[in-house]
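Let me begin by presenting the structure, written as structure tokens, before commenting on it.
Here is how names work: the chains are called A, B, and so on, in the same order as the sequence lines, proteins then strands, and each is numbered from 1. Owing to the predicted nature of the structure, the values given are computational and were not obtained by experimental measurement.
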There are 2 protein chains.
Amino acid sequence: MATDHRPGLDLEALRVLTLVADLGSISAAARAEQISQPSASKRIQVLERQLGLELLDRRTRGAVLTAHGSMVTGWCRAVVEATDALVTGSQALSARAAEQLSIGASQTIAEYLAPSWLGEFRRRGGKPTVQLRVANSQGVIAALRAREIELGFVETPTIPSDLRSRRVAVDRLVLVVAPDHPLARRRNPVSRAELSTMALASREDGSGTRDTLHVAMEHAMAPAAVELDSNAAVKVLVSSGSYPAVISELAVANELRDGRLVEVPLRDVELSRSLNAVWRRGTRLGAAADQFLLTARPRRGRG
Amino acid sequence: MATDHRPGLDLEALRVLTLVADLGSISAAARAEQISQPSASKRIQVLERQLGLELLDRRTRGAVLTAHGSMVTGWCRAVVEATDALVTGSQALSARAAEQLSIGASQTIAEYLAPSWLGEFRRRGGKPTVQLRVANSQGVIAALRAREIELGFVETPTIPSDLRSRRVAVDRLVLVVAPDHPLARRRNPVSRAELSTMALASREDGSGTRDTLHVAMEHAMAPAAVELDSNAAVKVLVSSGSYPAVISELAVANELRDGRLVEVPLRDVELSRSLNAVWRRGTRLGAAADQFLLTARPRRGRG
DNA sequence: GCATAGGTATAGCCATAGGCTATGCCGCTA
DNA sequence: TAGCGGCATAGCCTATGGCTATACCTATGC
């Protein structure tokens, strides 16, 4: 780097910290990361200086987290996990065809679930490189029929009869608004009739999210106020306070948790939906596909 | 760096990418990040090479995301957000006293909610530096009485009468197990009687999580199989498949979403709890504290 | 007790990642 | 057709961050 400028955290340092927490010593973390002990030591030092906190209590027998270090490590783990999702997701996107296992997924699934599945698949010893193709639900089905992919994941409520399917997760669309939107104060649930008249920020035509909403509303919907082609764009617009939106719970989980968006309860409308794995009827899934499907199995509980 | 070694993603590069997505051009992103245009350009190039993906379509009038770029940007945002949480959280921990606003929070709240609140507080124009102290619920109450902090956040179900309180969020403890644990197959809910006999991985004595569980169970509990002093440690142990645990939903939201942990439904037991802001009765909250409290207001909806 | 082992920090050396300025190219737009 | 806004390349330069060698510190073992 040239002139100084502000901190600029180092991802590797964060990873090293989590390893120290797990393994109990800087040396062990260094070995795990394939770097020398002094490098690891320095990285932690730099991190401590950048954050202005003592993270480790250096003992003679190793290093243990301080109280502050324990908090910071927790936050580091979140960063490291998000980074791993980025890397595994990107790898799956860039994997050239002629690889072993090729899957397809619709937008929301690909963005919020696929990286976890890919990571878990590897962690469980899945050998083949997985190639991920992203399309809308119709696109996934088309790719399946064209035998370009072996396994697909779709959000659509309607699955053609030439495909077999299995539920792998449950999702729910929710009505969300900005915290300062009038609807955020709303105590009694919004009825279907009311929802049908709202001018919403909506995903583009052909998206699974929009499909699901329209089917649930039996196509009685006011035209969308704005159409946007990504969940992120919808979220930004909603945050600005202009419009409400109906969007997958997966896409707004973080925002709902910390209050950047607010969920408005609904009364008359059932917006739960299954996320399904789909494959060609009559085909026997390969071992890899089978294992992948197992990895993406549905969660239990209140789902 | 010395010899090469593998990629090593650059956090700044990820942030630049999200800015490009938001602002529509590399130049604009560079200006926003206070770096030169060539630097930003190069960072994106390096990122593209590392991920093996074309992220941007360079037009003459700016740059727009490719389909792959759109996915990657979504994942980048998650990393950037987690990083911001790390930074704001650390700043609040390191802020030296004699600062303007001093708050305290119990573990789970400090780890999973406080960083968001701090960020939101700043974003809304909150001027003062906030100092965050972490303790268990009793410690927070003690600090409040000792006037070391102005505002506290606790998980305890019981709040002393010399304090005023306001609910700021709702949390729920959940029974979780590893996906391959026998209980994960369980269809019918677990009863209180059954839960009371289980050998659980538990948080340490004095933690709000443990308090809540014991109160809900009216102290009819088998002794803990293992006691651990952080949510992270509990999660690791549960993941290994050895024991079930009862833990805050906030702490396991990600793991439940992607199936690394599985929630087991409960029947007889009510493990919802309010997370409360607390302050000294009779004291008028300062303007800053008041604004902070407003930021941490409860979310609506099915909460 | 003293030596050993395992842990950590420091010193010193070097390669390079990554910053900046200057410049060239391209395609809109006036 | 000139100009402008946006992107990439070239060339220079600094300091980041890697490595080895070494010193220090404290349990533990003989």
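If you take CG of B:Asp57 and C1' of C:dC26, they are 14 Å apart, rounded to a whole angstrom. The separation between A:Gln50 atom CD and D:dT16 atom C1' is 11 Å, rounded to whole Å. The nearest whole Å value for the distance from the CD atom in A:Glu54 to the P atom in C:dT8 is 15 Å. For the pair A:Glu12 CD and D:dT16 P, the interatomic distance rounds to 18 Å; values are reported in whole Å. Between B:Leu55 atom CG and D:dC7 atom P there is a gap of 14 Å when expressed in whole angstrom units. Distance A:Leu23 CG to C:dT8 C1': 16 Å, rounded to the nearest Å. Between the CZ atom of B:Arg49 and the C1' atom of C:dG18 there is a distance of 12 Å, given to the nearest Å. Computed from coordinates, the A:Lys42 NZ to D:dT20 P distance equals 15 Å when rounded to whole Å.
When distances run from any side-chain atom of B:Ser36 to the nucleotides C:dC20, D:dG18, C:dT8, the shortest one goes to C:dC20. The listed nucleotides are D:dG18, D:dG5, C:dT8; the one nearest the side chain of A:Ser27 is C:dT8. Residue B:Gln45 has its side chain nearest to D:dA8 when only C:dT8, C:dA9, D:dA8 are considered.
Mapping B:Gly62 and A:Val46 onto DNA chain D via the closest heavy atom, the residue that lands nearer the 5' end is B:Gly62. Two residues, A:Arg31 and B:Pro38, neighbour DNA chain C, and the one matched to the more 5' nucleotide by heavy-atom proximity is A:Arg31. Comparing B:Ile26 and A:Arg61 by the nucleotide of DNA chain D whose heavy atom lies nearest to each, the residue mapping closer to the 5' end is B:Ile26.
B:Thr60 has no side-chain polar atom (N or O) that falls below the 4.0 Å cut-off from OP1 or OP2 of C:dC26. Side-chain nitrogen and oxygen atoms of A:Arg59 include none within less than 4.0 Å of the OP1 or OP2 phosphate oxygen of C:dG7. One finds a side-chain N or O of A:Ser41 lying less than 4.0 angstrom from the OP1 or OP2 phosphate oxygen of C:dA9.
A 6.0 Å sphere centred on CZ of B:Arg124 holds more than 12 heavy atoms belonging to other residues, nucleotides or ligands.
For A:Glu255, the side chain to side chain contact (heavy atoms under 4.5 Å, CB included) partners at least two apart in sequence or on another chain are A:Lys235, A:Val252, A:Arg260, A:Leu261, B:Glu81.
Among the protein residues, B:Ala28 comes within range of no part of the nucleic acid, since none of its heavy atoms lies under 4.0 Å from any strand. B:Ser25 comes within contact range of the sugar-phosphate backbone alone, with a heavy-atom separation under 4.0 Å but no base atom that close.
Summarising the geometry, atom OG belonging to B:Ser248 is positioned 9.0 Å from atom CD1 belonging to B:Ile109; distances are rounded to the nearest 0.5 Å.
Using a cutoff of 4.0 Å between basic side-chain nitrogens and carboxylate oxygens, A:Asp229 and A:Arg203 are not scored as salt-bridged.
Taking 3.5 Å as the limit, the base of C:dA9 and the side chain of A:Gln37 contain a donor-acceptor pair of atoms between them.
For the pair B:Asn136/B:Ser207, no side-chain contact is recorded, criterion being any heavy-atom separation below 4.5 Å from C-beta on.
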